Amino acid sequence: MRSNGILLKANWRYHLYKSIWVGIDWLFPPVCGGCGSPGTRWCQDCQKKVQAIDDPVCDACGLPQAHSGLCERCQEKRPSFKLLRSWTVFEEPVRKALHRLKYRRDIGLGEALSNQMSGFVAQLGWPVDSLMPIPLGKERLKERGYNQVAMVAMPLSIRLGLDYQPSALARARETRSQVGLSAVERQENVRGAFFADETKVSGQSVLLMDDVSTTGATLSSAAEALLASGAREVFAVTIARALPHHGLKIV
Ligand SMILES: [Zn+2]
Ligand SMILES: [Zn+2]
């Protein structure tokens, strides 16, 4: 079903989902995923510390820069996604929360983060039909047992009333971690790394989601696969954006 922009729908499915968490928190009192303080999954202090990304940013990939318009890299070659935006900078307390999500299977934290970032995604006003997380390769999925991006993407899709499509996109091969690679190496590393299910994406306007983006190379490669399978357009959102001072080698 085609949605007319993203609307925050306080629908019954979301309330049901929330009430399950209230029950679980009562049975197993949680700790904050950002600072470890007891009693809540994502405390008020950590909520306040989330740093928004200030304008101006690149019109396409959302990289913070000194002016509006396209960044140098997007001027050279536009990414395959139409737009990429990130909720916050890749710094504490979100950095710790994402680590916890990745290695501790903290599903409740995923719900709490999706709840706080849903307003940000809704105000982007993108005309999207479905939401899908960047998939893990089979090997990594077997090792970890779950996709950490799905921990946030699934409740976010319920909150925003979007079709959740976790299996529309898959990895064609395993790729090494992008950490420590230059922008050019990142593109090479993920080239042709994905394929999409035409029956699920054809004619769709898709919102792709990842936990952290740096150059947007992974999202662009996944968007290319979606477009090749007939997606109408692809938008991309990440929880956090790693900036050049977070260790990206610039070539
Ligand atoms: Zn906290
Ligand atoms: Zn750019």
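Both counts, for ligands and for their atoms, begin at 1 and track the order of listing. From a predicted model like this one, the values you see are computed outputs, not experimental measurements.
Remark: at the Zn ion (ligand 1), atom SG from Cys43 and atom SG from Cys35 enclose 110°, rounded to the nearest 10 degrees. The Zn ion (ligand 2) is the vertex of the angle joining SG of Cys61 and SG of Cys71, which measures 110° to the nearest 10°. With the Zn ion (ligand 1) as the vertex, SG (Cys32) and SG (Cys46) define an angle of 110°, rounded to 10°.
Within 6.0 Å of CZ on Arg104 lie no more than 12 heavy atoms contributed by other residues, nucleotides or ligands.
Side-chain atoms of Gln47 and Trp42 include no donor-acceptor pair closer than 3.5 Å. Using a 3.5 Å distance cut-off with no hydrogens or angles, the side chains of Glu91 and Gln51 do pair a donor with an acceptor.
One finds no salt bridge joining Arg140 and Glu143 here, because no Lys/Arg side-chain nitrogen approaches an Asp/Glu carboxylate oxygen to under 4.0 Å.
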